[in-house]
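Hydrogens, waters and symmetry mates play no part in the numbers below; they use all other heavy atoms, side chains included. In what follows, chains carry the letters A, B, and so on, assigned in the order in which the sequence lines appear, proteins first and then strands, with residues in each chain numbered from 1.
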Amino acid sequence: MTPEELNDIGAQIILSNTYHLYLRPGENIVKEAGGLHEFMNWDKPILTDCGGFQVFSLSELRTITEDGVEFRSHLDGSKHFFTPEKVMQIEEDLGADIIMSFDECCPYPSTYEYTKNSMERTTRWAIRCKNSHKNIEKQALFGIIQGGFYKDLRKQSVEDLVKLDFPGYAVGGISVGEPKEEFLDILRYTTPLMPENKPRYLMGVGTPDYLIEAALAGIDMCDCVLPTRIARNGTAMTWRGKVVVRNATYERDFTPLDPECDCYACKNYTRAYIRHLIKANEILGTRLLSIHNLYFLTKLMERVRIEIENDNLLNFKEEFYKKYGYTKE
RNA sequence: GGGCAAGUGGUCGAGUGGUUAAUGGCACCAGACUGUAAAUCUGGCCGUGAGAGCGUACGAUGGUUCGAAUCCAUCCUUGCCCA
């Protein structure tokens with residue numbers, strides 16, 4: 001995607017990743033370029049995730065100690081040690097507007113004992129992040145709440161982090177493969193414990209239903225790879241549900257991805273053509289689907305904001321679920 | 001007309017007497033995907049059947065053999081070379 005395309009879609013903020021940018025091209029290069037905004041020509045807000053998710057997703061390539069995490073690079077196997085202080089240095093060099101404190105995202109399921117130790121360590125790391133964070137004026141450092149799927153641990157995590165008075169807080173460690181009921185249970189328990197006057201950020205979500213549930217629970221912001229990943233794999237999210245445009249059934253479907261959508265892809269191209277592009281492995285196919293999916297989610301959240309103002313979000317959710325094809329909560 | 005080489009499942013291509021309904025790749029058909037090790041991964045892919053199975057199948061026909069995609073003969077087709 002180009003910044004112009006993201007602007008046209010209505011994106012207000014984008015996310016970059018500390019671990020990946022540290023490995024390639026290296027935060028020193030980004031710093032030399034004048035920071036991420038300059039480097040990639042995006043002048044709106046940027047948030048950098050801290051590498052805590054990679055502690056989870058690259059679990060076979062890392063070792064956790066009290067001091068930090070040693071990663072073996074997924075690119076070349078070289079060893080790299082991430083401490084909270086190191087992560088702050090990298091994130092300051094990258095120069096995002098919102099930066100995340102270094103955490104551990106626990107796998108699902110994890111034992112109570114493991115989750116407790118991990119959560120407490122994440123809190124200690126949050127303290128270290130706060131203490132070593134220098135560029136306070138230009139970068140807002142958010143704390144990440146952990147505690148897995150144990151409510152008392154979630155409560156403890158919120159209380160400990162709130163004492164540190166971060167400018168924003170994130171819910172981490174959910175949407176890691178658990179059943180939806182457990183996701184909702186922890187989301188609805190944790191979010192109301194978080195300060196109302198500061199951004200509440202749910203990390204790694206997601207699907208339209210999860211986003212609506214997040215808003216209902218009191219979440220202000222989310223991030224997710226899903227819209228672009230499923231785009232690359234040939235799927236569109238539409239107001240009438242998922243459309244796997246890669247499938248043969250759309251071979252001769254000369255209608256837009258979503259008849260209710262007015263994004264660039266829907267205004268100009270048909271399902272049959274986009275299917276052809278995807279099947280032919282043409283980059284334009286994945287680009288058009290990405291444009292559409294990002295636009296769809298942007299519009300969905302715009303609608304959610306309107307319904308919140310109208311105090312009508314619950315009704316909207318029901319309507320949306322019915323049309324999208326979700327059968328239950 | 002003569003010489004040489006080759007014909008395998010949608011396709012390319014392994015396989016040179018028996019664990020062969022036949023390795024792989026591609027194509028095709030589905031599924032998965034939630035703080036990006038992902039333009040990735042998983043499954044299916046001769047017919048029929050829920051299944052064991054049955055029926056067909058390695059250019060064609062005939063043969064050798066307990067057993068043939070694999071060996072032999074003839075024929076057909078294709079490519080290259082010579083006239």
Side-chain angles (χ1 to χ4, degrees), chain A residues 1 13-24 46-62 71-78 80 87 91 96 98-108 122 142-146 168-180 182-184 186-187 199-214 219 221-237 242 244-251 274-290 293-294 297:
Chain A
M1 313 300 298
I13 180 170
I14 61 177
L15 179 146
S16 295
N17 181 278
T18 296
Y19 168 85
H20 290 291
L21 290 173
Y22 159 85
L23 285 181
R24 192 169 54 191
I46 299 173
L47 178 152
T48 40
D49 187 28
C50 58
F53 185 73
Q54 281 63 47
V55 177
F56 161 78
S57 64
L58 301 177
S59 62
E60 278 163 34
L61 298 171
R62 56 56 173 171
F71 287 100
R72 271 187 298 119
S73 162
H74 69 287
L75 298 174
D76 63 8
S78 56
H80 305 271
V87 167
E91 294 200 81
I98 298 172
I99 64 177
M100 303 306 297
S101 66
F102 194 40
D103 71 330
E104 183 199 352
C105 176
C106 287
Y108 175 87
T122 286
F142 283 21
I144 303 177
I145 294 153
Q146 289 293 345
Y169 298 92
V171 181
I174 54 175
S175 196
V176 286
E178 72 283 0
K180 189 175 177 183
E182 293 200 48
F183 165 81
L184 289 176
I186 292 300
L187 173 72
R200 295 154 152 178
Y201 166 28
L202 173 61
M203 308 185 81
V205 166
T207 51
D209 57 331
Y210 274 42
L211 289 168
I212 293 171
E213 295 295 354
I219 290 293
M221 50 192 281
C222 293
D223 77 283
C224 200
V225 305
L226 196 67
T228 49
R229 180 175 291 171
I230 66 172
R232 272 178 261 122
N233 297 331
T235 300
M237 294 185 270
K242 257 185 7 180
V244 185
V245 76
R246 166 172 44 80
N247 286 358
T249 178
Y250 302 109
E251 190 175 20
I274 292 170
R275 172 181 138 87
H276 158 66
L277 291 173
I278 291 288
K279 298 292 289 181
N281 216 9
E282 276 291 340
I283 196 85
L284 181 59
T286 70
R287 276 173 39 68
L288 291 173
L289 278 171
S290 293
N293 284 344
L294 292 172
L297 288 183

*A:Thr48: partners by side chain to side chain donor-acceptor pair (under 3.5 Å), with sequence neighbours left out*: A:Glu91
*Could I get the full list of side chain to side chain contact (heavy atoms under 4.5 Å, CB included) partners for A:Leu21, not counting sequence neighbours?*
A:Ser16, A:Pro25, A:Leu36, A:Leu94
_Restricting to non-hydrogen atoms, name the atom on A:Ala236 and the atom on A:Leu289 that form the minimum distance, rounded to 0.1 Å._
CB-CD2, 3.7 Å
_salt bridge (Lys or Arg N to Asp or Glu O under 4.0 Å) involving A:Arg287 - partner list, sequence neighbours excluded_ = A:Glu5
*Atom-pair distance (CG on A:Asn281; C1' on B:rA38), nearest Å*: 14 Å
*In whole Å, what separates the C1' atom of B:rA69 from that of B:rA21?*
12 Å
_Run the side chain to side chain donor-acceptor pair (under 3.5 Å) test against A:Asp76 and tell me which residues pass, sequence neighbours left out._
A:Ser73, A:Ser78
*Check: A:Tyr201/A:Asp223 side-chain N/O donor and acceptor closer than 3.5 Å*: yes
*Could you state the interatomic distance from CD1 (A:Ile219) to CD (A:Glu213), rounded to the nearest 0.5 Å?*
12.0 Å
*Please work out if A:Thr228 contacts a base, only the sugar-phosphate, or nothing of the nucleic acid, heavy-atom cut-off 4.0 Å.*
base
*B:rU34 C1' sits how many Å from A:Leu294 CG, rounded?*
14 Å
*Whole-angstrom distance between B:rC4 and B:rU20, as gauged at atom P*: 36 Å
*How far, in whole Å, is B:rA83 from B:rA73 if one measures between their P atoms?*
29 Å
_Could you work out, with side chain to side chain contact (heavy atoms under 4.5 Å, CB included) as the rule, every residue matching A:Thr228, not counting sequence neighbours?_
A:Arg232, A:Ser290, A:Leu294
*asked:* Over all strands shown, is A:Gly173 touching base, sugar-phosphate only, or nothing at heavy-atom distances under 4.0 angstrom?
replied: base
_When the C1' atoms of B:rU74 and B:rC26 are compared, how many Å lie between them, rounded to an integer?_
37 Å
*With a non-hydrogen cut-off below 4.0 angstrom, is A:Leu15 in contact with a base, only sugar-phosphate, or nothing?*
sugar-phosphate
*Out of B:rA38, B:rG35, B:rC28, which has the shortest distance to the side chain of A:His74?*
B:rA38
*Would you mind reading off the distance between A:Ile174 atom CD1 and B:rG35 atom C1', rounded to a whole angstrom?*
11 Å
*asked:* Using a 4.0 Å heavy-atom cut-off, does A:Ser175 contact any base of the nucleic acid, only the sugar-phosphate backbone, or nothing at all?
replied: base
*asked:* Does anything in residues 48-57 of chain A come within less than 4.0 Å of RNA chain B? Heavy atoms only, and list the residues if so.
replied: A:Asp49, A:Cys50, A:Phe53, A:Gln54, A:Ser57
*Classify the side chain of A:Asn17 versus the base of B:rG35 as yes if they form a donor-acceptor pair under 3.5 Å and no if they do not.*
no
Do any N or O atoms of the protein come closer than 3.5 Å to N or O atoms of nucleotides 30-32 of chain B, and which pairs are they?
unit_1, atom_1, unit_2, atom_2, d
B:rA30, OP1, A:Ala248, N, 3.2
B:rA30, OP2, A:Asn247, OD1, 3.4
B:rA30, OP2, A:Ala248, N, 3.3
B:rG31, OP2, A:Asn247, ND2, 2.8

*Considering just the side-chain nitrogens and oxygens of A:Arg229, establish if one lies under 4.0 Å of OP1 or OP2 belonging to B:rU34.*
yes
*Does the side chain of A:Tyr19 pick up a donor-acceptor pair with the side chain of A:His74 at under 3.5 Å?*
yes
_For A:Tyr169, give me all partners under side chain to side chain donor-acceptor pair (under 3.5 Å), at least two apart in sequence or on another chain._
none
*Who pairs with A:Asn233 by side chain to side chain donor-acceptor pair (under 3.5 Å), at least two apart in sequence or on another chain?*
none
*4.5 Å side-chain heavy-atom contact, A:Val205 and A:Phe183*: yes
*Kindly point out which of B:rA38, B:rC28, B:rG35 is positioned nearest to the side chain of A:Lys279?*
B:rC28
_Rounded P spacing from B:rG62 to B:rG43 in Å_ = 42 Å
*asked:* In whole Å, I'd like the distance from the CG atom of A:Asn293 to the C1' atom of B:rC33.
replied: 12 Å
_Suppose we screen for side chain to side chain contact (heavy atoms under 4.5 Å, CB included). Which residues come up paired with A:Glu251, at least two apart in sequence or across chains?_
A:Arg275
_Integer angstrom distance from the P of B:rU70 to that of B:rG17_ = 11 Å
*Let me know the distance between CD1 of A:Ile14 and C1' of B:rU36, rounded to the nearest Å.*
14 Å
*Heavy atoms under 4.0 Å, any strand shown: does A:Gln146 hit a base, just sugar-phosphate, or nothing?*
base
*Pairing pattern in dot-bracket form [Watson-Crick, G-U; both distances under 3.5 Å; | = partner strand] for RNA chain B*: ((((((((.[[[..)..(.....]]].(((((.......))))).(((....)))...[[[[[..)....]]]]]))))))).
*Value in whole Å for how far the P atom of B:rA37 lies from CG of A:Leu61*: 10 Å
*asked:* Test of understanding: with side chain to side chain contact (heavy atoms under 4.5 Å, CB included), list the residues that count as partners of A:Val244, not counting sequence neighbours.
replied: A:Thr235, A:Arg246, A:Asn247
*For atom C1', what is the distance between B:rC82 and B:rC75, given to the nearest Å?*
24 Å
*Rounded to whole angstrom, note down the C1' distance from B:rA22 over to B:rC45.*
15 Å
*Distance, rounded to the nearest Å, where A:Arg232 contributes CZ and B:rA39 contributes P*: 5 Å
_Interatomic distance, A:Tyr210 OH vs B:rG35 C1' [rounded to whole Å]_ = 15 Å
